[in-house]
Each structure stands twice: as structure tokens, then as C-alpha cells.
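In this chain, residues are counted from 1 in sequence order.
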Amino acid sequence: MTNERLHHRPDSPAPLYGSPAGGDHLLFLAEALRTFHDTGALAPSGPELVNALVVPVTSRPNRPISVLEVGAGTGVVTRRLAQVLRPGDRLHVVEANPRFAERLREDPVLAARHPGVGLRLSACRVEELPECRRPAPEGARREDRAQRYDVIVSGLPFTNFEPAQVRDILDLYLRLLAPGGELTYFGYLGTTTARTLTSGPRRGARHRAVVRLLRRFEAAYGLGERTVWRNVPPARAYLLRAPGGRETWAPAGGPAIEPAVEPAVDPADAAKTQSATAATTTTDTAAGSAGGAAPVPR
């Protein structure tokens, strides 16, 4: 694992957008064919999807922020982040693929970022970061605790993973986010049917289990979503917020994320839910009076 700070080089040329060497698509395709399980796509994210993923950074509090990008690939989102971050901000990029990590180290857009923007690159899986391997004990010094981030942008192909691994990563994201911090990730449309038809019933069932897990996570923490039809393939970006404090984040021209819409509730189901909630509350109260701990909602 390599973990290094990339220094600002003001003399580096800075292309406005896209691949500085013009080879992102070729490199991405080569790595996708070699390790599709970890890459999860055949091409980098398009500009509209990139803009949707960086909404929490373009709508931000009026103070320096700390951003974590996981699964940076060839750096299309990373370069956009480097362009919109301000002096005093920090960007920590995590990329497990050594070829992608090497491309990021040599990227002239990242080298020519604004002075005062800190950039750190970790060539490993996010679960392997030293600060993420185990929680700091209660009462540990501040410097011994894991870094907390205002924003996490995840490019990991969740539906390629096992449900238990996805659950662990999502739990890790919640631990790494500062109270009220925001998370974005995306998924391609139509993958459940495609996976069932092309990979067989076992992988199709695993894929559906991951999708159900993500939908529960979004129901608990989701703020909204945006469908990007012009991406290849079409994708949907999700915006979520960790529990805790909430600052005023001022819009700065980023694309809108449609707010999550609550599903319609049948009156009969609502009555059942109300009865069940009342019964649960009675049980929890009795447990509390007997010395037991009430369950913590997720």
C-alpha cells in the first residue's frame, strides 16, 4: 500500500476537463477487461454524471472542507474535484488499482490544482487504510482517531460485491463522515435484469440482495437522486447525509439532485404500522424500566 501527499506544481499545464493524456478510455477499458469485478464499467463516467457526484462540493459551507474519493479510476471525478476545491480544502483519493493510481500520480490537472488545496493519494482499498482498520478506543487522543470527512464521493461498483462487503463499506462511510456530512455514489440502470440473464440465478440473486441493501440505506439516509440518461450506460446518482449536525450549504451552480419522494402509503398499511409502532414502544419502555437498552434506529 502506498499513501502519499501529492505536491502542488504550479508550472504544470491544466487541461479544462477530461483526460490530460487522452488515454483514459483506453486504460479504463483495458483494466475493465482485466479486472471487471473491481472496475465495474467499460468507460469512465461522463461529464453530467461527474457533475451530479460532486454536488456536495459545489454546494458547501463557507469554510474549508475535507473530501474523500473512493474508487477514483482514471480520475475524471478527481480532476473535477481538484478544479472546484478552494484553498484550505483537503482531498484524499483512494484507488486500489495500481495502474489507475499511477495515472493519478502523474495527472497534470491534479498537479496544477489551486495552491493551498491538500491532496493525498492512497493506493489501497478503503478498508485497508490504517485509520480504518479498527475504531479508536473511547477517550483516545484526537490525532489517534480516524480522519472525518465532510463529503465522500464513492465510485465503487457495489453490485459487483458481496452483500456483506457492501454493508461493511457503507458502515465505514458513516463512521468516516462528520456529523451531517454528505455521501454520493451511483449505479447503472437495468443492471439487475442484465446480471440475471448473463450471469445465472446465483449471481442474479446476489445482485438483487445488494440492490435491496442499497435501497434500505437510501431510505434511511437519502436526500435525493438524479438520473443521468446521457451517460454510457445511463446511471443514477444518489445523495445521502450522515446523522448529526447540519450546516447551511450554499448552492454554487451545481446540477440539481431531485429530492427523494416518499412512496404512497395505503391507509390499511398505515393503521397496521401505527399499531405495530405502539406495541413496539410499549415493549421498549418495559425493557428500559427493567434495565435493558432500547434498540438504536438505523
Side-chain angles (χ1 to χ4, degrees), residues 49-72 77-78 80-95 117-122 125-127 129-136 140 142-156 158 166-187 213-226 236-260 296-298:
L49 179 56
V50 170
N51 286 336
L53 291 171
V54 303
V55 160
V57 181
T58 55
S59 302
R60 49 173 291 162
N62 189 23
R63 62 168 177 79
I65 61 173
S66 182
V67 181
L68 173 67
E69 184 192 3
V70 182
V77 175
T78 318
R80 181 64 178 146
L81 288 169
Q83 291 168 348
V84 300
L85 289 174
R86 305 171 185 172
D89 293 339
R90 292 176 296 167
L91 174 60
H92 184 183
V93 181
V94 177
E95 175 50 58
V117 174
L119 179 58
R120 172 186 172 194
L121 172 64
S122 296
R125 297 183 182 277
V126 65
E127 308 97 308
L129 290 173
E131 58 264 41
C132 296
R133 287 176 181 167
R134 59 181 182 275
R142 181 180 179 86
E143 56 268 29
D144 294 332
R145 295 183 178 274
Q147 169 72 57
R148 303 294 289 273
Y149 300 92
D150 299 292
V151 177
I152 297 178
V153 180
S154 178
L156 296 181
F158 286 133
V166 175
R167 176 64 177 267
D168 289 344
I169 293 172
L170 295 177
D171 285 345
L172 176 60
Y173 286 168
L174 288 178
R175 294 203 306 272
L176 291 176
L177 280 170
E182 295 186 346
L183 162 68
T184 59
Y185 57 78
F186 71 96
L213 174 61
L214 291 171
R215 297 301 88 86
R216 290 197 299 269
F217 188 74
E218 291 148 16
Y221 303 107
L223 292 178
E225 60 190 49
R226 182 187 178 206
R236 183 169 290 129
Y238 299 90
L239 175 64
L240 306 97
R241 179 177 295 144
R246 168 81 162 80
E247 295 185 61
T248 299
W249 292 54
I257 292 283
E258 289 83 4
V296 178
R298 289 189 57 81

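Here R90 pairs with nothing under the salt bridge (charged side-chain N to carboxylate O under 4.0 Å, His left out) rule; sequence neighbours left out. Among residues two or more places apart in sequence or in another chain, the side-chain contact (heavy atoms from CB on, under 4.5 Å) test is passed with A82 by L110, R113. Qualifying side-chain hydrogen bond (donor to acceptor under 3.5 Å, both in side chains) partners for S66, counting only residues two or more places apart in sequence or in other chains: none. Residues passing the salt bridge (charged side-chain N to carboxylate O under 4.0 Å, His left out) test with R215 are E218, sequence neighbours excluded. For V84, the side-chain contact (heavy atoms from CB on, under 4.5 Å) test picks out V57, T58, R80, with sequence neighbours left out. The side-chain hydrogen bond (donor to acceptor under 3.5 Å, both in side chains) check on T184 picks up nothing, with sequence neighbours excluded.
L91 has its side chain within reach of V93: a pair of non-hydrogen atoms, C-beta onward, lies under 4.5 Å apart. Between F217 and V166, the closest side-chain pair of non-hydrogen atoms is not below 4.5 Å. Using a 4.5 Å heavy-atom threshold, the side chains of Y221 and L174 count as touching.
I169 and F158 make their closest contact through CG2-CE2, 3.9 Å (heavy atoms, listed as atom of the first residue, atom of the second, distance).
Of the possible polar contacts, one joining the R148 side chain to the L177 backbone as a donor-acceptor pair under 3.5 Å is found.
Salt bridge R60/D89: present, at least one basic N to carboxylate O contact under 4.0 Å. Using a cut-off of 4.0 Å between Lys/Arg side-chain N and Asp/Glu carboxylate O, R167 and D171 are scored as salt-bridged.
In this pair, H92 and Y149 present their aromatic rings tilted. The plane angle is within the 30 to 60° band.
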